[in-house]
Every structure is written in C-alpha cells, then in structure tokens.
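Below is one structure, written out as structure tokens; comments come after it.
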Amino acid sequence: MKIRLVNNGVFIPVDDIEQALTPPAEGFYWIDADVDDLAVLQPLFMMHDLAVEDCLSDEEQRPKIEIYESHYFIVVNSIRFDDEEIFLRAVNLFLGRHYIISVTKHKVSELRTLKPILWEQEVSTPDRLLYLLVDLIVDNYFTVGDRIEARIEKLEEDILMHTKKSHLNEIIGLRSEILWLKKVLGPQKEVINTLNKKDLRLIDDQLQKYFSDIYENAVKISETFETYRDLMGNLREAYQSSIANRANEIMRVFTAITTVFMPLTVITGIYGMNFTNMPELDWKYAYFVVIGLMVTLGLSMFFIFRKKDWI
C-alpha cells in the first residue's frame with residue numbers, strides 16, 4: 001500500500017495511514033492499495049461491506065457506481081490485449097472528499113501512466129484524479145481496438161493467401177472475445193454517463209461536464225467493437241468461401257485427370273480382352289503403336305485442359 005499526499009501534482013509520501021483520515025491543508029491523499037490492504041482500510045474509511053466484498057470477489061465485476069454517505073464506490077475495467085486474448089482488470093475506486101483509494105488485484109498500466117499527468121496538470125483534487133484515470137482507461141480501449149483491427153486485417157490476408165484449418169479457431173476465438181467485451185462496454189458506458197449527468201456532490205460541477213467527452217468516446221468504442229463483430233462474421237464467410245473454392249479446385253483437377261485417363265483405360269480394356277480373333281495382336285509393331293496412341297492422346301488432352309485453365 002502506497003500513501004501519497006498530492007498537491008499541485010507533487011507527490012509527498014506518507015508513512016502513517018492515520019494521517020490520511022484528516023483533510024490536509026492543501027491537496028488530497030491518494031492511497032494505492034491491494035485487496036489485502038482492505039482489512040486495514042475498511043474500518044478507517046468506513047467502507048461499505050458490499051463494496052469490500054466486490055473488491056475481494058473472484059468473479060468479474062461489472063462496472064458500476066455506488067453512492068454512500070461518506071464516499072463513492074466506482075468500478076471501471078481496464079483493458080489489455082496480448083494478441084491472443086483480451087483481459088479486463090477491475091479498477092476499484094473509493095472517492096472521498098479529501099482522498100481517493102484505488103484497489104486492484106493486478107497491475108494496471110494506467111495507474112503508472114497517470115502519475116506524470118498529475119504532475120503536468122498540477123492536480124490537487126481527488127475528483128480530478130478520477131477524471132484523468134477514467135479518461136486514460138477509456139482511451140486505452142482505442143489502442144486495443146487498433147491492435148484488434150490489425151489482427152483482423154492480418155487474419156483476412158492469411159485466409160485469402162493460404163487458408164488453414166487453424167484460421168477457423170482463431171476466428172471463433174477472437175469473435176467470442178469481441179462479443180464478450182461488447183457486453184462489458186454497456187455497463188461501463190452507464191457508469192461514465194452517471195458521472196456526467198447525475199448530481200454528485202463529491203465531483204465539481206465544472207469538472208463533471210468533462211465526463212461527457214469521455215462518454216462520447218465510450219460510445220465510439222462500443223460502436224467500433226460492434227463493427228469488429230460484423231467484420232468477424234464476414235471473415236468467417238470468407239474462410240468458408242475459401243475452403244469451398246479450394247475443394248472445387250481440387251475436384252476440378254481430379255476430374256480433369258480422370259478425364260485424361262478415361263480413353264486410355266478404354267484402349268487398355270479393349271486389348272485386355274481374351275478374344276482369339278484379334279488381328280492386331282499378331283502385328284509386329286502393335287504394342288508400340290498402341291503405346292504411342294495412348295501417349296499422344298493423353299498429352300493432347302492434358303495440353304487442351306491446360307490451355308483452358310482446367311488444370
């Protein structure tokens with residue numbers, strides 16, 4: 001657990017948690033904690049049992065905002081994409097009048113990125129930190145969206161160039177991830193919309209208007225992932241079409257080869273009959289003539305099919 005007094009973007013480390021209970025003369029306290037630290041923080045900051053239970057739960061938390069007497073409990077999801085799977089990291093925030101407590105189970109890159117921004121913008125209020133953090137989290141969805149789009153384009157190119165069975169598994173897996181993420185984005189939009197429109201006494205009125213810009217970005221992200229879902233459907237159709245075309249191509253080649261050998265089979269069948277009266281069998285050059293005929297016929301048909309691009 002790290003306790004910092006933040007004033008004009010300057011961080012001052014604090015060793016005693018008791019000090020954070022009293023509003024400072026200037027600035028606010030930012031407590032960056034793990035879930036294990038909640039046992040200490042809950043009685044000190046009068047955290048609601050349900051909020052603490054949500055932080056400790058192993059299940060994925062839906063984004064939400066709960067308003068309590070002394071603080072707000074806000075859950076937003078940070079996103080990470082490792083080219084194989086999409087991960088969401090719940091960021092639990094307790095917003096008070098003179099403090100903000102961030103509780104996470106995993107490392108969240110936005111919390112590290114946030115520090116220089118606080119210094120650059122000379123932040124001195126916890127609601128301002130909340131705004132900047134949510135803005136960073138939402139902006140990161142655009143970055144992940146760009147990577148997903150690049151992945152879809154690469155997959156489409158691979159399918160068109162050389163279709164493999166493994167491509168279908170990739171399509172199904174990525175489409176499932178996008179659908180799952182699309183469902184998560186709905187509650188997150190609602191949380192941001194609440195921060196934008198609802199009368200919240202712990203958030204400055206002027207600052208609250210800025211959440212409308214974040215909400216617009218959240219709507220764009222939701223629409224973007226809706227487009228990705230449609231693209232994955234088109235990609236699956238392209239895969240099935242490519243497989244069907246390959247099957248047709250193979251069947252066409254096999255049919256052409258079979259057609260080439262059909263007259264040769266007829267010739268060998270005729271001269272494989274055990275009739276006594278077959279004058280050609282007594283001819284000295286019959287074997288060479290038949291073989292030459294078969295080779296000539298086969299090559300002629302091959303070049304005709306080749307010219308018509310049938311094989």
For [X], does the [atom1] atom have more than 12 heavy-atom neighbours from other residues, nucleotides or ligands under 6.0 Å away?
X    : atom1 : result
R89  : CZ    : yes
D16  : CG    : yes
Y210 : OH    : no

According to side-chain contact (heavy atoms from CB on, under 4.5 Å), who are the partners of [X], at least two apart in sequence or on a separate chain?
X    : result
N7   : E26, S124
D146 : E149
E120 : none
K209 : Q206

Side chains of residues 128-140: which donor-acceptor partners sit under 3.5 Å, not counting sequence neighbours?
from: R128; atom 1: NH2; to: Q121; atom 2: OE1; distance (Å): 2.7
from: N140; atom 1: ND2; to: I79; atom 2: O; distance (Å): 3.0
from: N140; atom 1: ND2; to: E110; atom 2: OE2; distance (Å): 3.1

Please assess E216 against D213 for the test side chain to side chain contact (heavy atoms under 4.5 Å, CB included), listing each intermediate value before the final yes or no.
CA-CA 5 Å; E216 290 177 5; D213 182 60; 4.3 Å; yes

Check side chain to side chain donor-acceptor pair (under 3.5 Å) between [X] and all other residues, then give those that pass, not counting sequence neighbours.
X    : result
N196 : none
K154 : D158
D32  : S102

Using salt bridge (Lys or Arg N to Asp or Glu O under 4.0 Å) as the criterion, list what pairs up with K2, not counting sequence neighbours.
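Testing K2 for salt bridge (Lys or Arg N to Asp or Glu O under 4.0 Å), a comparison that skips the adjacent residues, returns none.
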
Could you list the residues that satisfy salt bridge (Lys or Arg N to Asp or Glu O under 4.0 Å) with E190, not counting sequence neighbours?
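Per chain and number, E190 pairs via salt bridge (Lys or Arg N to Asp or Glu O under 4.0 Å) with no residue.
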
Between [atom1] of [X] and [atom2] of [Y], what distance do you get to the nearest 0.5 Å?
X    : Y    : atom1 : atom2 : result
T258 : M251 : OG1   : CE    : 8.5 Å
Y99  : L21  : OH    : CG    : 9.0 Å
L207 : T125 : CG    : OG1   : 6.5 Å
D205 : L200 : CG    : CG    : 9.5 Å
D127 : Q208 : CG    : CD    : 9.5 Å
I3   : L5   : CD1   : CG    : 11.0 Å

Under a 4.5 Å cut-off applied to non-hydrogen side-chain atoms, are [X] and [Y] in contact?
X    : Y    : value
F94  : I31  : no
Y141 : T224 : no
K115 : R4   : yes
N217 : K220 : yes
M294 : L297 : no
Y228 : L181 : no

Testing the basics here: between [X] and [Y], what is the closest heavy-atom pair and its distance to 0.1 Å?
X    : Y    : result
S222 : L185 : CA-CD1, 3.9 Å
T296 : S300 : O-OG, 2.7 Å
P187 : R62  : CG-NH2, 3.3 Å
M1   : A33  : CG-CB, 4.2 Å

Checking T22 side chain against Q19 main chain: does a donor-acceptor pair fall under 3.5 Å?
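Judged by distance alone, no pair lies under 3.5 Å.
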
Donor-acceptor pair, Q188 side chain versus A218 backbone, under 3.5 Å?
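No; judged by distance alone, with no hydrogens or angles, the pair does not exist.
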
Tell me whether [Y] is reachable from [X] by hopping between hydrophobic residues (I, L, V, M, F, W, Y) whose side-chain heavy atoms are closer than 4.5 Å.
X    : Y    : answer
Y29  : V10  : no
I100 : V14  : no
L93  : L95  : yes
L88  : V103 : no
I86  : L179 : no

For residues 67-75, please give each side-chain donor-acceptor pair under 3.5 Å, one per line with the distance, not counting sequence neighbours.
from: Y72; atom 1: OH; to: R201; atom 2: N; distance (Å): 2.9
from: Y72; atom 1: OH; to: L202; atom 2: N; distance (Å): 3.2

Name each donor-acceptor pair under 3.5 Å that joins a side chain in residues 45-56 to protein atoms two or more places apart or in another chain, with its distance.
from: H48; atom 1: ND1; to: L50; atom 2: N; distance (Å): 3.1
from: D49; atom 1: OD1; to: Q42; atom 2: NE2; distance (Å): 2.6
from: D54; atom 1: OD2; to: K64; atom 2: NZ; distance (Å): 2.3

